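Below you'll find the structure, written out as structure tokens, and then a few comments.
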2 protein chains.
Amino acid sequence: MTTSGAGAESIDHARIAAALAVRGEPACRVRDVLDRVGDKWSVTLVHELGGGARRFSELRRGVPGISPRMLSATLRGLERDGFVLRTVHPTVPPQVEYALTPLGHTLLDTAWSLMNWALEHADDIDDARREYDAK
Amino acid sequence: MTTSGAGAESIDHARIAAALAVRGEPACRVRDVLDRVGDKWSVTLVHELGGGARRFSELRRGVPGISPRMLSATLRGLERDGFVLRTVHPTVPPQVEYALTPLGHTLLDTAWSLMNWALEHADDIDDARREYDAK
DNA sequence: CGGAATCCGGATAGATACTG
DNA sequence: CAGTATCTATCCGGATTCCG
């Protein structure tokens, strides 16, 4: 058993099991976080904002393929959960800045560890797929 | 130990950015992993298998709400990526066991750190939502 | 027991056009 | 510039039924 660095020291196994068992419960944000990590743009945007505050159109350029609709909707969700702070500067033309909150930065950290795991094991996954598909 | 889940020590920022930018690329399993973590049953099943090998109907009972269709499909996906080993015992009636591979265990470790983060910050998220919704 | 096949509804997300 | 509105395609996942 690899008792690796973070996450292994004090996992509340029972609470995680309970959190996974149900959706939409009050104290069970585990499912919400997994859903968010899995949605199409949230992690990408959080990652982008990890480099510093960005404006709407900067994000639009920095995240190729995202539509204004999804950019707006995803940012609103991130803002609602307290991961992103939205600041409107009352200028003409209007200027809106998005930045990670401290909470958003901790999310980015754990997302990084997940993505880093994915990079480290990408070859293993590819190998397994080739072997599986060979049959 | 090769990987510590903390994620702060040697993140390949550039490769992660590249991996997030595109979907379905050869070496970019980052997106695949995020999608898998976000899908409805994969993490739950991996978590369940973390407790030891299980048979199909054991999983069906152990994971309330899952349909045989999604159980089968999710297990096949996990098997294809090398996270789960499927063993058929040629008995009557047939008996099939699913177990985590070593790779699957490392996935479970990183998933744990993510879920643990979610548990730790569930209150923060709830607070942020209440504040946001108040407006 | 351990699935596969089929059908179907709701959510997710893309494209496009328009506005303060 | 920073979004919203609408319309639509797609896909995920649930229910049901059947098979080896």
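Order of the sequence lines sets the chain letters (A, B, ...), proteins ahead of strands, with each chain counted from 1. Quick caveat, the model's predicted, so the values are computed rather than measured.
Nearest to the side chain of P94(B), among dG20(C), dG20(D), dA13(C), sits dG20(D). Comparing dG14(C), dG3(D), dC1(D) by their closest approach to the side chain of S57(A) singles out dC1(D). Proximity note for R76(A) (side chain, C-beta onward) versus dA13(C), dA2(D), dT4(D): the nearest is dT4(D). Among the nucleotides dG14(D), dG3(D), dG14(C), the one closest to the side chain of W41(A) is dG14(C).
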Side-chain donor-acceptor distances from residues 63-75 of chain B under 3.5 Å, at least two apart:
| residue | atom | partner | partner atom | Å |
| --- | --- | --- | --- | --- |
| S67(B) | OG | M70(B) | N | 3.2 |
| S72(B) | OG | R76(B) | NH2 | 3.1 |
| T74(B) | OG1 | M70(B) | O | 2.7 |

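A sub-4.0 Å separation between OP1 or OP2 of dG2(C) and a side-chain N or O of R61(B) is absent. Taking 4.0 angstrom as the limit, Y98(A) places none of its side-chain polar atoms (N or O) nearer than this to OP1 or OP2 of dC1(D). One finds no side-chain N or O of S67(B) lying less than 4.0 angstrom from the OP1 or OP2 phosphate oxygen of dT16(D). Using a 4.0 Å cut-off, no side-chain N or O of S72(B) falls inside it from OP1 or OP2 of dG2(C).
Straight-line distance from the CG atom of L75(B) to the C1' atom of dC1(C): 15 Å, rounded to whole Å. Atoms NZ (K40(A)) and C1' (dA11(C)) sit 14 Å apart, rounded to a whole Å. Remark: P of dG14(D) and CG of D39(B) are 11 Å apart, rounded to the nearest angstrom. Remark: P of dA2(D) and CD of E97(A) are 10 Å apart, rounded to the nearest angstrom. Spacing between atom CD1 of I66(A) and atom P of dA2(D) amounts to 14 Å, rounded to whole angstrom units. Spacing between atom CG of L45(A) and atom P of dA13(C) amounts to 12 Å, rounded to whole angstrom units. Rounded to a whole Å, the NE2 atom of H89(A) is 13 Å from the P atom of dG3(D). Here the C1' atom of nucleotide dG20(C) and the CZ atom of F56(A) are 14 Å apart, to the nearest Å.
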Pair R31(A)-D35(A), salt bridge (Lys or Arg N to Asp or Glu O under 4.0 Å): steps then yes or no
CA-CA 6 Å; R31(A) 190 71 245 175; D35(A) 287 344; 3.5 Å; yes
Residue pair D32(B), I125(A): steps toward the side chain to side chain contact (heavy atoms under 4.5 Å, CB included) verdict
CA-CA 10 Å; D32(B) 293 326; I125(A) 295 174; over 6 Å; no
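Residues M70(B) and P93(A) both approach DNA chain D. Their nearest nucleotides, taken by heavy-atom distance, put P93(A) toward the 5′ side. Checking R60(B) against R69(B), the closest nucleotide of DNA chain C that is more toward the 5' end is the one next to R60(B).
Under the 30°/60° scheme for interplanar angles, the aromatic rings of F83(A) and W117(B) are found to be tilted. Between F56(B) and Y98(B), the two ring planes are tilted [angle within 30° to 60°].
When heavy atoms are screened at a 4.0 angstrom cut-off, R55(B) is found touching the sugar-phosphate backbone but no base atom.
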